[in-house]
Amino acid sequence: MDLITMRKTPLECWAANKIGIDEAALTREQISRYQMERLKATIQWAWRCSPFYRNLLQGVAEKELTCFDDLRRFPFTDAEDIRRQGLQFLCVSQDDISRAVTLDSSGTTGAVKRLYFESVDQAATVDFFQYGMAALVERGDRVLILLPGERAGSVGTLLATALNNLGAQPIPYGVVRSIPQALEVMYRERIDSLVGSPAEVFALARYAKTVAGKVFRLKNVLLSTDYVPKAIEGELQQLWGCDVFQHYGMTEMGLGGGTDCAAHSGYHLHEADFYFEIIDPLTFEVVPEGQKGEVVVTTLNRRGMPLIRYRTGDISRFIPGKCGCGAVLKRLEQISARKDGQIVLITNQYITMADLDEALFPVDGVISFAAEVDSIKKATKLTITALTVGKSAGRIEHELYFALNKVTAIRLARRAGMLTVQIKNKRCDGTLFPSKAKRAITELKEVDEN
Ligand SMILES: [Zn+2]
């Protein structure tokens with residue numbers, strides 16, 4: 001792509017507005033100065049108003065920050081803290097909370113993780129979505145939203161508000177259960193673009209091509225909530241002739257974290273609302289720029305439930321240097337793994353869902369798949385349940401076994417006779433597996449035979 005004409009990410013304008021300066025004058029120094037002021041304010045706000053932080057920051061919050069290195073003396077927070085003491089994080093009364101989001105009940109305590117937002121916090125998300133979507137949506141575009149949107153304040157609803165503000169036409173749909181039904185809506189509504197999770201959007205594209213015989217031409221697709229395998233990106237570009245954008249966010253970040261630009265080289269981070277760090281997950285030290293580690297985030301403007309040095313569990317790195325689009329906003333490389341998503345094989349090598357995605361999605365006829373292991377700490381058995389169309393069962397199973405061998409850890413373990421692989425082939429009747437926000441290799445919950 002021509003670097004001279006490439007459009008700068010609209011998030012740069014969003015950040016400049018928020019910082020209160022002209023976009024053309026935005027520099028790294030100004031972002032840093034703004035972030036330092038907001039870090040100090042957030043720490044004081046949290047320490048004064050939240051019982052959790054009052055306790056956690058005793059002895060560290062009294063001394064004012066003078067530089068970013070000072071932040072290193074602050075303790076980390078994580079999902080387990082939110083599960084155990086979610087309400088104690090609050091800096092405002094529960095009456096001021098307009099939305100509570102309840103997430104999975106994984107983790108050692110089995111308790112649910114609940115995040116709380118004030119209406120101003122949600123307005124900030126809409127604002128960010130509006131600028132993020134401006135990278136790929138024009139006035140009048142019809143945009144299908146394949147994200148949960150049943151409740152007020154849910155991601156689909158906030159995104160629809162942002163699209164309305166942009167003068168685009170949102171078409172809320174929700175999570176895909178029936179592929180033919182979703183394709184029918186795409187066709188009937190003559191959509192220009194869509195937003196959804198990678199695996200669901202991929203299933204729509206594959207099914208449309210193989211079974212429904214429907215050809216779509218889309219302008220843009222925004223993939224959100226999960227890792228985007230190269231195989232999915234390539235297939236969407238080829239089948240729908242569209243450009244594929246990626247969004248990074250999690251509920252903890254009020255859903256907005258970053259979005260890539262026309263250069264497609266990492267997510268431009270939401271730096272006016274968050275301060276990001278990358279740490280070594282073992283030593284907890286901040287790593288040099290460009291090195292991989294765990295993404296840690298501190299909210300800069302969150303009122304209801306601020307997060308300070310929150311360990312996201314996502315593994316990534318900052319991409320050094322300036323983006324091809326000319327923006328100064330930092331870029332985060334695509335998340336390739338989650339700390340808790342690494343399945344250790346009995347050979348001590350590990351695999352991730354991303355590895356399996358890259359290996360299995362290119363197999364023609366695969367609509368979707370799920371993966372299970374007998375143990376996430378010393379796996380000796382891997383079971384793939386694939387939803388397929390087209391080819392004969394025998395042929396597709398053979399191709400899936402073959403494709404799995406492209407994952408080095410699997411190939412070596414199988415060759416050493418230390419890993420059994422089982423493929424269960426299910427013909428896809430148009431219904432998808434019940435969806436999860438993030439796909440993961442799960443541990444089989446079978447009764448131990450011993
Ligand atoms: Zn860019």
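All values derive from a computational prediction rather than experimental measurement. Counting starts at 1 for both ligands and their atoms, in listed order. These values consider heavy atoms only, across backbone and side chains, with no hydrogens, waters or symmetry-generated copies.
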Problem set entry | Donor-acceptor contact below 3.5 Å, side chain Thr157 vs main chain Arg151 |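 At least one qualifying donor-acceptor pair exists.
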For this session: Examine distances only and state if a side-chain atom of Thr299 and a backbone atom of Met253 form a donor-acceptor pair shorter than 3.5 Å.
Result: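 Side chain of Thr299 to backbone of Met253, a donor-acceptor pair under 3.5 Å: no, none is there.
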Exercise. Between Gln30 and Thr27, do the side chains contain an N or O donor and an N or O acceptor separated by less than 3.5 Å?
Worked result: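 Note: Gln30 and Thr27 side chains meet the donor-acceptor criterion.
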Exercise. Which atoms of the protein, restricted to N, O or S, are nearer than 2.8 Å to the Zn ion (ligand 1)?
Worked result: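 Within the sphere that stays under 2.8 Å of the Zn ion (ligand 1), the protein atoms of type N, O or S are Cys261 SG, His268 NE2, Cys323 SG, Cys325 SG.
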For this session: For the pair Arg439 and Asp226, find out whether any cationic side-chain nitrogen is under 4.0 Å from an anionic carboxylate oxygen.
Result: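 Answer for the salt bridge query: no.
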For this session: Output the distance between atom CE (Met186) and atom OH (Tyr173), rounded to the nearest 0.5 Å.
Result: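 One gets 11.0 Å once the value is rounded to the nearest 0.5 Å.
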Exercise. Taking the six-membered ring for Trp, are Phe52 and Phe89 parallel (under 30°), tilted (30 to 60°) or perpendicular (over 60°)?
Worked result: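 Parallel, since the angle between the ring planes stays under 30°.
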